[in-house]
Each structure stands twice: as C-alpha cells, then as structure tokens.
Amino acid sequence: MAARVLLTNDDGADSPALIPLWQALRTWAAVDVVVPAVERSWIGKAVTRFAPVRVHPQGRGGGTWYVVEGTPADCVNLAVHSLGLPRPDLVVSGINLGLNFGLAFVLSSGTVGAAMESWIAGIPAIAFSMAIPNDAYGLSGEARTRALGGRAEAAAQVASELARILWQHGMPDGVDFFSVNMPAEVTAHTPRRLTRVAVTRYGPLFSAVGANEFRHRFHSLEVLEEAADTDIASVSSGTVAITPIRLSLSATLPEAVARLWKGGE
C-alpha cells in the first residue's frame, strides 16, 4: 500500500520549494497538500484562537490543495481532524527557504511548529529547511525563483529520500520528530550527519520605523557552543544536518535546590 503524506510549510502556497517537493514525494506516496495562504514564518507552533480560519480548496496538479488562512500548526490540525482527509502516515513540513538550526530558530520556526503539531496528533513528522544564496534573501516571486535556480529541485530530491526512509522504517524509539537542515548546494551526494540542536540565542528582533512602531528585523544569532556534532556545525561544513528531536521539556533539580523550592522539607 502506498504511503499517504501530508505536505505543509510555513512559506505559503507560492513557495518555489513547494511544487518540487510535492512532485518528488508523489513518486512514492499519495500526497495531500494543506498550506498557509501566505508566508507564516517565525510563528512557531501558534494556533489561531480568535479569528476564523478560512480554507480555500484549489484544483492543482489534478487534485485538490487546501490553502489555509492560518498557521502551519493550523494546517496540520485541520488536515488531521477537520477536512475529511485520510489520516496521513507521515507529515512533511517544508522545504523552508532559510535554515532552522540552533535552539532559538527551532523554537521559533513555523516549519518546525508544524512537525510539533503532528507529534501532538500522534503522526510521525519531518521538517526540512535549506540555506539559500545571499542574493535570494529579500526577494519574492519570480525574482526569488530565478535566484534559487535548480537548488529547490535538488533539495526536494534529498528531502523525499529522507522522508521515505522515515516512512519505511518508522520513528526510532525516543525520537518525536526530525528536523533536517540542508546547505544551499545540496545534492544526492552531499554527506549527511546525525546532529543535535546547537544552543543559541538572538538579540533584538525589531527595529523602530516610526513613533511607537516597530518592524521585525532579525540581526544576528549568538551560538553559545562550538561543537562539531551540532546542526549549525554540520551545515556550516557543507553537510546535511539530520537532527532527531525529543520534546521532553522537564529537568531535574539537585536535591539541595529541590528542598528550597519545596519549602525546606
């Protein structure tokens, strides 16, 4: 029986990376596409609470795509529970045009947020992101597509292969989902590494554009560790970073500290 894949992203229905990945996945799976209507980056696993979420079915590629006026997490939840689609075997999120490596980006990424929502629904998921050439940043539409060249198609082939491995072999014990970051010039022959998420922080995210008005302007990422086994180090060396992620957020306190928090028991 063919796999059934739910494909989503956070770059929206017009992302130049969406059709190449859809086409690559369709070589081995039935693919349902449920994506945001516009780019919804930097939104994490946000779910729309106070506004109606409108869904627009569109005929594309001989089938129906669902374009959602909402977030990536909205797309996954609607696809799994509300749109009448068959339950997917696997959720594929991406390919994000821009890297989502390091803890600060992982926690902020809508691409990764869709994979988190999939985990909540009990469905294996893998999120893909890729570096893009410097001259493609800030571009949109046909200009961005031209700047990317054939890079999205090459990345889609790699992403499809990795997604198929996950479908065929299942989610490994102790892993909740995968996040994969690829260099801009990735090919089928690019080496791959299993990595962990680097510890990172960012500073100001907003710049003043008028009186009491600010716009999102990302400035820089602070890497708090220099280790060869991180996702940042892997992509920086030109390899594909495959990062298994566990959403276990609990920590253990030393007994002396625990006593303080418990009121000196």
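All residue numbers in this chain count up from 1 along the given sequence. All values below come from the heavy atoms of this structure, side chains included, with hydrogens, waters and symmetry mates left out. Predicted model only: the values in this text are computed from it and were never measured.
Residues K45 and I120 have side chains in contact (heavy-atom distance under 4.5 Å, counting atoms from C-beta outward). Looking at L162 and V158, their side chains come closer than 4.5 Å, going by heavy atoms from C-beta outward. Using a 4.5 Å cut-off on side-chain heavy atoms (C-beta onward), I245 and F178 make no contact. A heavy-atom distance below 4.5 Å is not found between the side chains of P183 and T239. Counting only heavy atoms from C-beta outward, the side chains of E185 and T190 never approach each other to under 4.5 Å. Side-chain contact between D32 and V5 is absent, with no heavy-atom pair separated by less than 4.5 Å. L90 places a side-chain heavy atom less than 4.5 Å from the side chain of V92. L97 places a side-chain heavy atom less than 4.5 Å from the side chain of L148.
In this pair, F218 and W42 present their aromatic rings tilted. The plane angle is within the 30 to 60° band.
Put simply, the side chain of S15 never gets that close to the backbone of G12: no donor and acceptor are under 3.5 Å apart. Without hydrogens or angle criteria, T200 side chain to L103 main chain gives a donor-acceptor distance under 3.5 Å. Under a 3.5 Å cut-off, the side chain of N9 and the backbone N or O of S93 do not form any donor-acceptor pair.
Taking 4.0 Å as the cut-off between side-chain N and carboxylate O, E69 and R40 do not count as a salt-bridged pair. Taking a cutoff of 4.0 Å between a charged side-chain nitrogen and a carboxylate oxygen, E222 and R201 do not qualify as a salt bridge. Here D229 pairs with R196 in a salt bridge; the nearest charged N to carboxylate O distance falls below 4.0 Å.
Of the options L221, L99, N181, a side chain to side chain contact (heavy atoms under 4.5 Å, CB included) to I232 is made by L221 and by none of the others.
In this structure, a donor-acceptor pair under 3.5 Å is present between the side chains of T243 and T195. No hydrogens or angles considered: a donor-acceptor pair under 3.5 Å links the side chains of S160 and W28. Under 3.5 Å, the side chains of D74 and T71 contain a donor-acceptor pair of N or O atoms.
Contact detail for A155 and M130: the closest heavy-atom pair is CB-SD, 3.8 Å. Of all heavy-atom pairs spanning P20 and P16, the tightest one is CD-O, 3.2 Å. Between A228 and A233, the shortest heavy-atom contact is O-CB, 3.8 Å. For the pair V223 and E225, the tightest heavy-atom approach, listed with the atom from each and the gap, is CG1-O, 3.0 Å. A pairwise comparison of heavy atoms in L7 and L21 identifies CD1-CD2, 3.6 Å as the closest pair. The heavy-atom pair separating T8 from P36 by the smallest distance is OG1-CD, 4.2 Å.
One hydrophobic cluster, built from ILVMFWY side chains closer than 4.5 Å, holds both L83 and I123. Note: the hydrophobic cluster containing L205 also contains F101 (ILVMFWY, side chain heavy atoms under 4.5 Å, direct or indirect links).
Under the 6.0 Å distance and 45° angle rule, R26 counts as a cation-pi partner of W22.
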